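Heads up: the structure comes next, in structure tokens.
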Amino acid sequence: MTRKKLPENLHRDTLAVRAAADKSQYGENSEALFLTSSFVQPDAASAVRRFANEEEGFIYSRFSNPTVASMEQRLAAMEGTEACIGTASGMAAILLMCMGLLKSGDHVICSQSVFGATIKLIGGEFGKFGVETTFVSQTDVAQWQAAVKPNTKLLFAETPTNPLTEVCDIRALAAIAHAAGALLAVDNCLCSPALSQPATLGADLVIHSGTKYLDGQGRVIAGAICGPKKLIDEKLIPIMRSAGMTLSPFNAWVVLKGLETLSIRMQAQSANALALATWLEAQPGVARVHYPGLKSHCQHALAMQQQTINGQGCGGAVLAFELKGLDADSARRNAFHVIDSTQVCSITANLGDTKTTITHPATTSHGRLTEAQRQAAGIGQGLIRVAVGLEYIDDLKADLARGLDSLT
Ligand SMILES: *Cc1c(COP(=O)(O)O)cnc(C)c1O
């Protein structure tokens, strides 16, 4: 096959469709899926050179695979990073990053509002290996600065957070990290590269749960780390080869194809979310709506500058809302009533799907916290999270109105 070489400086939307699409062997226009555990070596001497990293070539799919490599190249192109490494899940990406960057005696500063499993992994599991973590307010830059110690190696944030959509200032955190000789990692799951490229704002590593918007249709579990080639080659790939938190080629292929429609999905789902958030704010039973696209959001200005599509500020597709002034028991009853009255939304924990999902964080994602921890995290019993999908907006409003209009 003669292959065209892509011109430089293509727009992200073009890269989403075209990057890493130049490997066709038979003229196939859709990327091939290489479901193979190992690769036949031309001869014994080639095998020696490939195992020693002296020659390019695939060996074994725990190490690398052409389909996984295509997904990695496309995602790196969209994030504006030199390289990317695919992982079995979003959590596997965070595990790989921590194993690669941290050792006993090191210190991490982490937002207290990040994904629950991330808090358990970094604060709990890595604590067992002598890594100390300080949890700070997501939005208070002064707390991040004050937490810096001589042994601080990593700052970790997620923006916006789930479910309260707190935004952090990536540039400010990068400045603190770099002045301390540490790295900044940002979990870009909720924005995806369609809305935000943290590396262009100073983040060193960008973490993804490919399970969410990158796949976009709730089909597979996947993850990735985007960042500098030298760091990934030297600190992460050796661990991947021996520890095996490898992305399956099939899941990589699903994500690779999902990336092609990412931007258009994010635009449509974010527009639906803004319309739903605006409508929810006007409902008499609703006390508060958390959505970065609303003027009432505490960091609306920062969010609109940090998250953009085609130059326009964009709030993303996840929102949460609180039911009005109730004690904890009746708040939970009312929240369950609104959730159980839906006939369109799926009651499921996933987000980033084209199907709208609805959850009660206090009893699910944050159910294992104590009531005091939940209150500190701002997760009340009347809080409902909606990850808005692609359904027609009036059907979504009607689905929530059914429960909201019949609250007792
Ligand atoms: C889901 C999620 C993860 C974990 O991803 P998995 O693919 O489920 O392992 C990490 N961070 C955020 C923000 C998430 O939403």
Side-chain angles (χ1 to χ4, degrees), residues 116 160 162-165 189-190 192 209 211-221 254 258 261-262 264-294 314-367 379-408:
N162 167 25
L164 292 179
T165 70
C189 175
L190 260 70
S192 87
S209 166
T211 315
K212 313 295 168 55
Y213 292 103
L214 304 188
D215 164 14
Q217 292 181 58
R219 297 166 292 197
V220 298
I221 300 283
V254 171
T261 54
L262 176 67
I264 208 96
R265 281 186 280 110
M266 288 307 284
Q267 289 177 52
Q269 291 179 227
S270 301
N272 259 358
L274 177 60
L276 197 64
T278 307
W279 175 82
L280 279 166
E281 250 189 350
Q283 299 310 298
V286 174
R288 184 163 174 202
V289 182
H290 302 267
Y291 181 66
L294 291 177
C314 182
V318 173
L319 63 86
F321 62 99
E322 285 167 35
L323 300 176
K324 250 182 198 157
L326 307 148
D327 62 70
D329 280 347
S330 59
R332 186 188 313 115
R333 216 172 26 250
N334 283 347
F336 278 24
H337 173 75
V338 171
I339 291 170
D340 287 340
S341 300
T342 59
Q343 296 172 355
V344 176
C345 297
S346 310
I347 306 173
T348 179
N350 195 30
L351 62 89
D353 200 323
T354 48
K355 295 182 169 68
T356 297
T357 64
I358 189 164
T359 53
H360 186 246
T363 52
T364 57
S365 55
H366 295 69
I379 312 290
Q381 294 289 339
L383 185 77
I384 295 173
R385 186 200 77 189
V386 183
V388 183
L390 280 180
E391 300 92 340
Y392 187 62
I393 183 63
D394 289 351
D395 291 335
L396 292 177
K397 288 181 191 168
D399 210 35
L400 292 176
R402 206 171 289 118
L404 285 172
D405 293 348
S406 57
L407 285 175
T408 47

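Positions are given from 1 along the sequence. Just so you know, these numbers come straight off a predicted model, no measurement behind them.
- Taking every heavy atom of both residues into account, S270 and Y291 meet most closely at O-OH, 3.4 Å.
- When all heavy atoms of S192 and L214 are compared, the pair lying nearest together is CB-CD2, 4.2 Å.
- S341 OG to L407 CG: the interatomic distance, rounded to the nearest 0.5 Å, is 8.0 Å.
- Side chain of R288 to backbone of E322: no donor-acceptor contact under 3.5 angstrom is found.
- In this structure, OG1 in T363 is found 7.0 Å from CD1 in I339, a value given to the nearest 0.5 Å.
- Between K212 atom NZ and C189 atom SG the span is 4.5 Å, to the nearest 0.5 Å.
- Side-chain contact between S365 and T359 is absent, with no heavy atoms from C-beta onward closer than 4.5 Å.
- The number of heavy atoms from other shown groups lying within 6.0 Å of NZ (K397) is above 12.
- Within the 4.5 Å cutoff, side-chain heavy atoms of F321 are placed close to those of V386.
- With R332 as the partner, the side chain to side chain donor-acceptor pair (under 3.5 Å) test is satisfied by one option alone out of H337, H360, Q381: Q381.
- Counting only heavy atoms from C-beta outward, the side chains of T278 and V289 never approach each other to under 4.5 Å.
- With hydrogens and angles ignored, the 3.5 Å screen pairs a side-chain donor or acceptor of D399 with a backbone N or O of C345.
- Within the 4.5 Å cutoff, the side chain of L396 has no heavy atoms near those of the W279 side chain.
- For CD1 of I264, the number of neighbouring non-hydrogen atoms (other residues, nucleotides, ligands) closer than 6.0 Å is 12 at most.
- Listed for the R385 side chain is no donor-acceptor partner under 3.5 Å among the backbone atoms of T357.
- Here the side chain of T342 pairs no donor or acceptor atom with the backbone of V338 at under 3.5 angstrom.
- The side-chain heavy atoms of P160 and V318, taken from C-beta on, include no pair separated by under 4.5 Å.
- When all heavy atoms of L390 and A268 are compared, the closest pair comes out as CD2-CB, 3.5 Å.
- A donor-acceptor contact shorter than 3.5 Å links the side chain of Q269 to the backbone of D353.
- Using a 4.5 Å heavy-atom threshold, the side chains of L276 and L400 count as touching.
- L274 has its side chain out of reach of V388: every pair of non-hydrogen atoms, C-beta onward, lies at least 4.5 Å apart.
- Within the 3.5 Å criterion, the main-chain N or O of P284 finds a donor-acceptor partner in the side chain of K324.
- Listed here is the closest heavy atom pair of P163 and P361: CG-CG, 3.9 Å.
- Proximity of a side-chain donor or acceptor of T261 to a complementary backbone N or O of G258 within less than 3.5 Å is detected.
- Taking CG of L294 as the reference point, atom CG of L280 lies at 9.0 Å (rounded to 0.5 Å).
- Here I221 contributes atom CD1 and S209 contributes atom OG; the two are 7.0 Å apart, rounded to the nearest 0.5 Å.
- For the pair R265 (side chain) and Y213 (backbone), a donor-acceptor distance under 3.5 Å is present.
- The OG1 atom of T165 lies 8.0 Å from the CG atom of L319; values are rounded to the nearest 0.5 Å.
- At least one donor-acceptor pair under 3.5 Å links the side chain of E391 to the backbone N or O of T356.
- For the pair L164 and I379, the minimum side-chain heavy-atom distance is below 4.5 Å.
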